[in-house]
Number of protein chains: 2
Amino acid sequence: MQPITSRQREVLDYIAGFVDRNGYPPTLREIAGHLKVSGTLGVMKHLDALEQRGYLRRQSGSSRGIILAGRTAQTASIPVAGVVRAGLPQPAIEDIEDRLAIDCSLVKGGTFFLRVRGDSMINAAVMDGDLALVRPQATAENRDIVVAMVDGEATLKRFYRCEDHIRLQPENPGMEPIIVRNGEGEVAIVGKVVGIYRPLD
Amino acid sequence: MQPITSRQREVLDYIAGFVDRNGYPPTLREIAGHLKVSGTLGVMKHLDALEQRGYLRRQSGSSRGIILAGRTAQTASIPVAGVVRAGLPQPAIEDIEDRLAIDCSLVKGGTFFLRVRGDSMINAAVMDGDLALVRPQATAENRDIVVAMVDGEATLKRFYRCEDHIRLQPENPGMEPIIVRNGEGEVAIVGKVVGIYRPLD
DNA sequence: GATATTGGTTATCATTTGAAAACCTATCAT
DNA sequence: ATGATAGGTTTTCAAATGATAACCAATATC
């Protein structure tokens with residue numbers, strides 16, 4: 001990130017704190033009040049400078065339209081999906097059961113929770129009923145745990161790409177892998193599993 | 001939480017999504033636009049209803065002054081502890097590795113994360129390196145997974161209280177339970193495990 | 001010395017926005 | 001039938017808010 005002046009840092013820190021305390025960003029005048037300056041032009045200039053250097057984005061014309069870079073919100077509210085339908089380019093999520101807030105360091109893009117059904121990943125310590133944190137993406141690396149669409153249903157499998165086929169391997173000795181040879185059939189990767197959460201209470 | 005109508009649910013979901021996308025809440029008119037209604041009074045009534053039922057708070061007179069319950073306030077920043085020391089009445093936590101934000105529906109009191117070491121709970125699908133969400137309490141119910149102090153170290157075990165002894169059962173066939181007869185020795189329960197989180201990225 | 005850059009003042013203006021009044025229309029339980 | 005409740009329209013108003021103009025001053029930088 002490009003360097004900023006101490007005054008600009010002051011503005012940035014105030015905005016970040018304000019968002020934490022209130023859940024929404026301050027107005028120009030609220031910032032001005034904190035800086036103990038009158039008028040909004042000085043504030044505008046600071047915001048312009050911070051925007052140019054990539055520290056925030058502004059929604060012009062909109063009150064409180066300040067978006068801090070790297071923290072759409074410090075915590076994101078993640079939908080918990082019961083069913084995932086593979087629509088392209090973005091998978092549509094149906095049956096949103098609930099929402100959970102989670103740390104943004106774990107979240108990018110349209111991440112969502114998917115409730116795991118079945119025991120196909122039991123050897124990876126993923127149980128029926130767990131919540132899989134899924135980051136949508138159409139491709140995967142070997143050994144990634146992915147959500148893939150098979151027969152219109154979303155399943156969790158470990159992903160392997162070989163020379164002439166793709167293998168979706170369950171982590172359950174009693175279950176057979178799904179093998180799709182190149183050119184035969186299609187594997188729709190919905191996303192990669194980046195976390196597992198299991199409420200026990 | 002008190003029940004709300006489907007229309008009110010629609011408003012609440014829209015606000016939650018808006019905050020996620022933009023980092024700040026919508027105005028009354030933005031909500032009205034989404035509901036495809038003209039005028040702001042209908043929206044005001046929904047917000048009033050939602051506020052009365054505790055789903056949000058409003059900052060009157062302030063634009064975008066909507067604070068969702070379960071966000072700013074109800075998202076807690078939880079310490080991730082590397083080591084737990086059994087001090088009474090509250091266990092002290094040393095070596096705070098990090099902090100994670102998590103939904104408050106899962107959090108009460110001084111809840112904290114503890115990094116799991118070892119495979120003692122492998123059959124309960126808890127792996128080495130997982131983060132156990134621990135709610136501090138000195139007692140437990142049968143079959144609860146608890147954090148207990150044994151030889152000055154915190155371990156995860158399943159808790160059983162029988163007539164004349166307490167048994168701390170590992171969920172690992174290769175490990176022996178710890179049995180403490182009434183009057184002989186002491187079992188210090190640090191807390192109950194109310195969730196498991198495993199980052200995979 | 002010329003000239004950016006940063007940070008500021010005061011004042012003004014057009015919009016955006018929250019709030020409210022007056023009134024309408026279903027639905028549902030008493 | 002008769003309210004209560006949820007949900008809505010149109011209109012209006014005052015306050016909050018972003019934007020901009022005209023201008024000032026200190027501090028670098030070339």
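Here is how names work: the chains are called A, B, and so on, in the same order as the sequence lines, proteins then strands, and each is numbered from 1.
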Would you indicate which nucleotide in D:dG7, C:dA20, D:dT20 comes nearest to any side-chain atom of B:His46?
D:dG7
Would you indicate what A:Arg7 reaches in the nucleic acid, counting non-hydrogen atoms under 4.0 angstrom: base, sugar-phosphate, or nothing?
sugar-phosphate
d(CG, A:Leu47; P, D:dT17) in whole Å
15 Å
Starting at the 5' end of DNA chain C, which residue's closest nucleotide do you reach first, A:Arg29 or A:Ser38?
A:Ser38
Here the distance between atom P of C:dG7 and atom CG of A:Leu12, to the nearest Å, is 13 Å
If you define the side chain from C-beta out and look only at heavy atoms, does anything of A:Ile67 sit under 4.5 Å from A:Leu56?
no
Does OP1 or OP2 of D:dG7 have a side-chain N or O of B:Gln8 closer than 4.0 Å?
yes
Given C:dA19, is OP1 or OP2 found less than 4.0 Å from the side-chain N or O atoms of B:Arg58?
yes
A side-chain contact here means heavy atoms from C-beta on lying under 4.5 Å apart; do A:Arg9 and A:Tyr14 qualify?
no
Can you tell me if CZ on A:Arg161 sees more than 12 non-hydrogen neighbours from other groups inside 6.0 Å?
no
Starting at NZ of B:Lys36 and ending at P of D:dG8, how long is that distance when rounded to a whole Å?
13 Å
May I have the distance from B:Arg64 (atom CZ) to C:dA19 (atom C1'), rounded to whole angstrom?
17 Å
Quickly work out the A:Leu28 CG to D:dA19 P distance and round it to whole Å.
7 Å
Need one value for A:Ser62: base, sugar-phosphate or nothing, where a base atom within 4.0 Å counts as base even if backbone is also close, heavy atoms only.
sugar-phosphate
Test item: A:Leu168 and A:Phe159 side chains (from C-beta on) under 4.5 Å apart, heavy atoms
yes
Closer to the 5' end of DNA chain D via nearest nucleotide, is it B:Ala49 or A:Leu41?
B:Ala49
Is there a side-chain contact between A:Arg198 and B:Val126, using heavy atoms and a 4.5 Å cut-off?
yes
Regarding B:Thr40 and B:Arg29, do their side chains bring together a donor and an acceptor under 3.5 Å, going by distance alone?
no
Measure the angle between the two terminal helix axes of the helix from C:dG1-D:dC30 to C:dT30-D:dA1, five base pairs each, and quote it to 10°.
30°
To the nearest angstrom, how far is B:Glu30 atom CD from C:dG18 atom P?
8 Å
So A:Ser63, base contact, sugar-phosphate only, or nothing? Heavy-atom distance under 4.0 Å.
sugar-phosphate
Pick base, sugar-phosphate or nothing for A:Thr27, based on heavy-atom distances below 4.0 Å to the nucleic acid.
sugar-phosphate
Rounded distance (Å) that lies between atom P of C:dC24 and atom NZ of B:Lys45
13 Å
Counting C-beta onward and ignoring hydrogens, is there a side-chain heavy-atom pair between B:Glu171 and B:Ser120 closer than 4.5 Å?
no
Roughly how many Å is it from CG in B:Leu35 to C1' in D:dG8, rounded to a whole number?
11 Å
